[in-house]
K.L.:
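Please read through the structure below; I'll follow up with questions.
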There are 2 protein chains.
Amino acid sequence: MAKERVTVVDIARAAGVSKSTVSLVLQGSALVNEATRAKVNAAIRELGYVYNRSAANLRQAKSKIIGIVVNDLTNSFFAELAVGVDGVVQSAGFVQFLANTGEKSERQREVIASMREHGVSGLIISPARGTEASDLAPLVASDIPVVLVVRDIAEAGVSSLISDNHAGAMAAVRHLIERGHRRIAFLGGFPDTAVFEARMRGYRDALREAGMPALDELVIGSAPSRAGGVTAIEQAMMLKERPTAALCFNDAVAFGVCDGLRARRLEPGADFAVIGFDDVIEAKTAVPALTTVSVDPQGMGERAAELLLKQITAGRAEPESIVSPVRLVVRQSCGGTVERRVKEISS
Amino acid sequence: MAKERVTVVDIARAAGVSKSTVSLVLQGSALVNEATRAKVNAAIRELGYVYNRSAANLRQAKSKIIGIVVNDLTNSFFAELAVGVDGVVQSAGFVQFLANTGEKSERQREVIASMREHGVSGLIISPARGTEASDLAPLVASDIPVVLVVRDIAEAGVSSLISDNHAGAMAAVRHLIERGHRRIAFLGGFPDTAVFEARMRGYRDALREAGMPALDELVIGSAPSRAGGVTAIEQAMMLKERPTAALCFNDAVAFGVCDGLRARRLEPGADFAVIGFDDVIEAKTAVPALTTVSVDPQGMGERAAELLLKQITAGRAEPESIVSPVRLVVRQSCGGTVERRVKEISS
DNA sequence: TGACGAGATTGGAACGTTCCAATTATTAAG
DNA sequence: CTTAATAATTGGAACGTTCCAATCTCGTCA
């Protein structure tokens with residue numbers, strides 16, 4: 001029963017050539033005769049040979065595996081990011097190692113170590129909260145290309161791809177101001193993160209630009225989830241002077257805010273303007289369709305993967321920090337009458 | 001710059017022992033002296049050694065990798081399933097290879113082949129639509145344990161873990177009937193899938209049981225997504241005799257149905273009863289909270305992983321087909337006044 | 001003292017591939 | 001007909017680990 005593994009020498013014997021020739025065929029080398037190539041391929045099919053990548057990796061130090069570690073796969077933003085990465089990585093002949101850290105940096109350390117042991121040729125990381133440059137140090141020390149997405153870690157000295165959070169938040173708030181809103185809240189997100197900081201700064205700057213005060217009571221943090229959105233809007237509605245509009249930390253929070261509003265018999269869009277951030281797929285089909293700052297998670301995953309592949313093939317490359325432009329997609333959740341109007345920002 | 005890889009012989013030399021001893025230490029063998037173990041570990045830290053799993057895999061034919069392939073990572077049901085798997089797999093010292101097929105069986109063939117080349121010791125597969133037993137044949141032929149989740153393929157002869165779709169659908173429809181509904185629709189899902197078939201059969205059986213007719217016009221297929229739900233409810237509302245309630249193929253469809261109702265100024269729960277299937281996390285926090293048949297995707301992922309690990313360690317095991325019990329979670333989207341009441345079904 | 005066994009340690013042969021240098025067969029040129 | 005160039009093919013040495021059987025070092029017991 002315990003069938004022997006069929007190896008390259010088995011098929012060499014079957015095809016009447018040497019194992020070197022078989023290896024050449026496997027690599028699609030040009031210098032093998034068409035007839036023998038056919039013979040070898042026939043033998044491969046015949047014997048049901050499966051290539052052993054471990055053996056290959058051992059010889060040549062590059063592995064055709066890229067790792068992607070995300071902090072919360074449950075959030076569809078990251079799930080979409082992962083499928084974006086997967087797409088380009090696959091078609092480049094690589095395969096994806098995906099791990100979920102659940103925001104735990106201990107777990108993150110483990111999975112990164114494990115990926116290193118497997119000899120990944122590069123890593124795309126959306127770092128867990130509280131990740132420090134020192135966590136990535138061993139990677140850069142051993143020249144493994146790393147691309148950070150979504151959250152940058154400035155001191156780490158690796159490439160990064162983040163969205164233009166500041167510009168996006170400003171555009172959203174400007175839009176609300178144009179619509180006549182004067183009390184605009186910023187809802188959701190953990191205040192101790194760089195992304196929160198950037199979006200909140202954009203929010204504040206847009207208010208100042210319009211000569212409006214940026215009140216602390218209108219900035220309400222929460223978990224960056226749907227449930228967090230519900231609690232944030234509840235808290236906002238407790239204020240003596242209630243806001244009439246809100247920019248939310250992300251789309252999940254925005255959906256939660258909509259839920260919370262409905263629970264109070266307020267219709268999002270008509271009675272209260274809400275804008276999200278990310279543009280996850282459901283944003284388009286939700287009712288009301290969510291006005292949001294589009295980050296295109298899938299596209300971001302694709303670009304991150306391309307950047308990483310470039311670095312892998314180029315060998316040593318200078319780390320680049322790309323901030324990816326972002327656009328406000330106006331739909332219905334901010335009382336819009338204009339549907340699908342789109343504004344380009346930050347080039 | 002191009003630093004040499006640190007190998008086991010390097011640290012052997014540094015620690016003044018043989019490479020065999022180092023190997024023993026790496027495997028946590030009991031028969032190495034405490035003092036030398038310490039010396040070796042010190043050298044490992046000192047030189048920044050990283051274990052080379054490719055080399056290890058080459059020698060011993062087992063790889064500590066398990067693969068998981070899902071048909072649509074964008075659907076949060078599968079994302080949650082994946083994190084469930086990841087959790088138990090990690091803590092068993094394995095690492096997860098995740099691939100997304102996007103329902104394309106061609107892609108599925110590729111990723112499965114690739115995983116085989118990497119020597120995965122087992123595979124959890126949520127098959128793409130139209131997967132046939134023959135697609136899995138090479139896996140069973142080479143004794144690689146496989147656990148099918150969500151969708152079973154009877155002829156494949158591998159283990160499977162699916163939810164009790166028939167019982168769940170029956171319970172949901174019974175509940176609607178108890179509430180006095182007489183025109184109940186079944187909305188969403190691709191009619192040519194086994195899961196659709198099972199849920200729809202449950203729906204029909206419950207109607208018959210109550211002596212009610214099962215009308216074809218009330219069964220409306222669509223893509224199993226939020227957008228699909230919107231179109232399905234629109235179609236349902238075109239009927240001369242409209243339904244007053246619906247069991248939806250899954251939660252995503254149910255959310256879409258709610259959206260579509262609101263677009264017609266109907267309030268889900270109050271004006272029209274909707275029940276979902278799956279119980280994704282958002283079901284609880286949505287407004288109105290979704291009544292749904294709870295499948296617990298994360299728990300399902302965990303159980304699938306445990307089943308797979310059991311088969312991996314046990315060597316050859318008889319394939320088991322587990323149908324996982326399911327429970328109706330009554331929340332607000334079916335006009336409930338009773339919140340969080342829970343009915344256990346199918347033991 | 002000698003023999004024995006347990007506890008530690010070790011050298012070397014695998015594992016399945018790739019790569020290099022070397023070889024053979026084939027063709028073209030002189 | 002020889003030589004050179006080109007096209008195909010090949011054996012064997014890596015790669016970094018694990019495993020086996022063999023060895024070495026003690027302490028203990030008769």
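Since the structure is predicted, the reported quantities are computational estimates derived from the model, not experimental observations. The sequence lines fix the lettering, A, B, ..., with proteins before strands; numbering per chain opens at 1.
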K.L.:
Indicate whether the side chain of B:Gln27 and that of B:Ser23 have a donor and an acceptor atom separated by less than 3.5 Å.
P.N.:
yes
K.L.:
Would you say A:Phe77 and A:Asp72 make side-chain contact, with heavy atoms under 4.5 Å?
P.N.:
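Side chain of A:Phe77 against side chain of A:Asp72, heavy atoms only: no contact under 4.5 Å found.
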K.L.:
Does A:Lys39, at its NZ atom, have more than 12 non-hydrogen atoms belonging to other residues, nucleotides or ligands within less than 6.0 Å?
P.N.:
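More than 12 heavy atoms, drawn from other residues, nucleotides or ligands, come within 6.0 Å of this atom.
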K.L.:
Apply salt bridge (Lys or Arg N to Asp or Glu O under 4.0 Å) to residues B:Arg151 and B:Glu103 and explain how you reach the verdict.
P.N.:
CA-CA 12 Å; B:Arg151 303 172 177 175; B:Glu103 296 288 11; 3.1 Å; yes
K.L.:
Once salt bridge (charged side-chain N to carboxylate O under 4.0 Å, His left out) is applied, what residue pairs with a partner in residues 44-54 of chain A remain, sequence neighbours excluded?
P.N.:
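Non-adjacent pairs meeting salt bridge (charged side-chain N to carboxylate O under 4.0 Å, His left out): A:Arg53-B:Glu117.
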K.L.:
For B:Ile153, check side-chain contact (heavy atoms from CB on, under 4.5 Å) against everything at least two apart and list the hits.
P.N.:
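Listed in chain order: B:Pro127, B:Thr131, B:Ala133, B:Leu136, B:Leu148, B:Glu155, B:Ala156.
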K.L.:
I need the residues from residues 42-54 of chain A with at least one non-hydrogen atom less than 4.0 Å from DNA chain D; give them sorted by number, or say none.
P.N.:
none
K.L.:
Classify the side-chain pair B:Ser160/B:Ser321 by whether it contains a donor and acceptor separated by less than 3.5 Å.
P.N.:
yes
K.L.:
Taking side chain as C-beta onward, heavy atoms only, is A:Phe78 less than 4.5 Å from A:Ser126?
P.N.:
yes
K.L.:
Give the table of side-chain donor-acceptor pairs shorter than 3.5 Å for residues 80-96 of chain B, with sequence neighbours excluded, one pair per line with atom names and distance.
P.N.:
unit_1: B:Glu80; atom_1: OE2; unit_2: B:Ile281; atom_2: N; d: 3.4
unit_1: B:Asp86; atom_1: OD2; unit_2: A:Asn100; atom_2: N; d: 3.4
unit_1: B:Ser91; atom_1: OG; unit_2: B:Gly87; atom_2: O; d: 3.0
unit_1: B:Ser91; atom_1: OG; unit_2: B:Val88; atom_2: O; d: 3.3
unit_1: B:Gln96; atom_1: NE2; unit_2: B:Ala82; atom_2: O; d: 3.3

K.L.:
How would you give the extent of chain B contacts on DNA chain D, as first and last nucleotide 5' to 3' within a 4.0 Å heavy-atom cut-off?
P.N.:
D:dG16 to D:dC19
K.L.:
Pull out every residue in residues 18-38 of chain B that has a heavy atom closer than 4.0 Å to any atom of DNA chain D, ordered by number, or say none.
P.N.:
B:Lys19, B:Ser20, B:Ser23, B:Gln27
K.L.:
Closer to the 5' end of DNA chain C via nearest nucleotide, is it B:Leu58 or B:Gly16?
P.N.:
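Final value for this comparison: B:Gly16.
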K.L.:
Can you tell whether the side chains of B:Arg129 and B:Asp192 come within less than 4.0 Å, N to carboxylate O?
P.N.:
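The answer is yes: the pair qualifies as a salt bridge.
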